[in-house]
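Single-structure report; data block below.
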Amino acid sequence: MTENVWTRWPSREALGRAGISQPRRTLAWAVRLVVLGLLLWSAFNQSHVRGWEIVAAVAAVGVTAVASWGFYRTTYSHRLLPSLVLIGVLLAIAVVAEASGFRGPALVIWCGCGISALERLPIAVAVPVTTVALASFSAVNNDVWLTTVATVVGLALAGYVMRLDAEARGHAQRLLAQERAARAAEAESAALAERTRIAREIHDVLAHSLSAQMVHLEAARLLIERGADRQQILERVVAARGMARDGLAETRQALSALRGEMTPLEDFLTEIVASTDGAEVTVTGERRGLPAEASQTVRRVAQEALTNVRKHAHGAKVRVRLDYQEHEVTLDVRDTGGRPGDLTGAGSGYGLLGMRERAELLGGSLEAGRDDEGFAVTLRVPV
């Protein structure tokens with residue numbers, strides 16, 4: 001619902017000092033001091049004022065200064081009744097000053113009240129107050145009527161222009177605060193996303209490494225239960241140890257990748273394929289650097305697919321194909337099928353599910369299932 005412009009207060013940002021440059025603040029204080037000095041000079045320079053009348057005049061100047069300060073504070077707090085009481089006090093002081101022969105101070109107070117009311121009060125209240133103040137000024141001003149009219153119109157326009165300027169400044173302050181809040185929220189979101197990415201990378205590396213170790217350790221356990229010879233058991237234990245060593249190396253590589261220090265994707269695929277018997281890798285398309293998230297996803301999917309081959313299709317031939325296309329990169333890992341080992345049920349079974357979720361976070365897709373020959377895993381990631 002739109003707020004009524006006639007009853008709306010100027011915003012606190014508009015009535016405050018935030019956003020006002022230091023030279024402008026200095027000028028404002030200089031004007032206040034000049035006005036106060038003129039009022040005091042007028043109090044001491046009246047020939048008909050003597051003795052206690054001078055003290056009363058100085059006290060009136062002090063009351064005027066305090067009432068003006070109070071008016072600025074209550075309008076800043078959007079307190080209508082106290083603001084009207086204080087500006088009424090100022091207008092009354094001006095009337096008393098005029099009646100006591102202090103015409104100059106009275107004119108200054110009336111003009112100040114008219115401008116300040118337009119600048120700081122709701123329009124519906126400011127217009128009557130300004131009308132009273134400037135009408136009082138016109139009634140006692142001894143200039144020709146044309147000059148008086150021009151002065152009144154100029155003061156009214158000055159007050160309204162000051163109001164518009166304050167509102168513009170307040171709007172700029174609110175926009176600045178919103179921008180700072182948005183930047184803070186963006187930075188917090190980026191930090192959270194980065195922590196999530198780090199956690200996901202470390203989780204994927206450890207899950208892959210530990211799953212591979214479980215394969216060999218479970219095989220070693222089964223060999224022990226069957227009474228296999230020592231050499232077969234030792235081979236499995238050594239393989240598990242190698243997986244642990246590889247897991248540490250992959251963890252270091254993942255941390256390096258998070259810092260932007262990654263080996264080329266083609267070299268990485270060549271390395272992991274070299275450790276799998278009967279596997280070959282083919283790269284097609286125009287090779288280019290990939291974003292860190294896309295590159296890491298391709299690496300993790302390739303590792304998970306080859307681990308599954310070792311677990312579920314022992315002795316199978318594996319073809320790894322990396323295809324660079326214009327708007328996406330495709331990784332295809334296919335095996336020819338092999339003998340299901342005793343370790344088919346080892347592992348959590350969530351590896352490919354986690355890879356699919358990871359691909360979907362990047363706007364890609366992962367398909368896994370049996371084909372005519374064996375098992376195929378196809379990853380597509382937009383780049």
Side-chain angles (χ1 to χ4, degrees), residues 6-12 14-17 25 28-46 48-142 148 151-152 154-163 166:
W6 291 94
T7 59
R8 184 186 65 205
W9 283 87
S11 64
R12 291 194 175 186
L15 297 177
R17 294 183 296 177
R25 291 186 185 183
W29 276 108
V31 171
R32 294 188 184 105
L33 292 176
V34 168
V35 171
L36 182 61
L38 289 175
L39 293 175
L40 290 173
W41 176 83
S42 179
F44 284 102
N45 198 46
Q46 295 290 331
H48 64 280
V49 178
R50 295 289 184 273
W52 287 104
E53 293 179 346
I54 294 179
V55 176
V58 173
V61 172
V63 171
T64 301
V66 172
S68 299
W69 176 83
F71 175 75
Y72 275 71
R73 296 303 303 171
T74 55
T75 52
Y76 178 77
S77 301
H78 293 175
R79 297 163 60 193
L80 183 58
L81 184 58
S83 300
L84 291 177
V85 170
L86 288 169
I87 203 165
V89 170
L90 291 171
L91 293 174
I93 291 174
V95 171
V96 173
E98 168 62 24
S100 302
F102 293 94
R103 173 167 294 183
L107 295 177
V108 171
I109 294 174
W110 278 321
C111 292
C113 288
I115 293 175
S116 298
L118 278 176
E119 180 187 7
R120 304 183 70 85
L121 290 173
I123 292 294
V125 178
V127 170
V129 172
T130 300
T131 301
V132 171
L134 296 183
S136 301
F137 167 82
S138 303
V140 301
N141 188 34
N142 54 12
T148 301
T151 302
V152 168
L155 291 172
L157 288 176
Y160 190 68
V161 168
M162 291 176 66
R163 181 190 187 92

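In this text the structure is predicted, and so the values were computed from the model without any measurement.
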Using the rule side-chain contact (heavy atoms from CB on, under 4.5 Å), only one of Val125, Val129, Thr131 pairs with Val127; which is it? Thr131
Between His78 (side chain only) and Pro10 (backbone N and O only), is there a donor and an acceptor less than 3.5 Å apart? yes
Can you name the side-chain contact (heavy atoms from CB on, under 4.5 Å) partners of Ile115, sequence neighbours left out? Leu155, Met162
Rounded at 0.5 Å granularity, tell me how far OG1 in Thr7 sits from CD1 in Ile123. 10.5 Å
Go through the structure and list residues passing side-chain hydrogen bond (donor to acceptor under 3.5 Å, both in side chains) with Ser77, not counting sequence neighbours. none
Atom pair CD (Glu98) and CG (Leu107), whose distance is rounded to the nearest 0.5 Å: 7.0 Å
Can you name the side-chain contact (heavy atoms from CB on, under 4.5 Å) partners of Ser83, sequence neighbours left out? Trp9, Phe71, Thr74, Thr75, Leu121
For residues Ala106 and Ala94, report the shortest heavy-atom separation together with the two atoms involved. CB-O, 3.3 Å
Spacing of CD1 belonging to Ile87 relative to OG belonging to Ser68, to within rounding of 0.5 Å: 9.0 Å
Rounded to the nearest 0.5 Å, what separates atom OG1 in Thr148 from atom CG in Leu134? 11.5 Å
Of all the heavy-atom pairs spanning Gly159 and Leu118, show the shortest one and how long it is. C-CB, 3.9 Å
Between OG on residue Ser136 and CD1 on residue Ile109, distance to nearest 0.5 Å: 11.5 Å
If I take atom SG from residue Cys113 and atom CG from residue Leu86, how far apart are they, to the nearest 0.5 angstrom? 10.5 Å
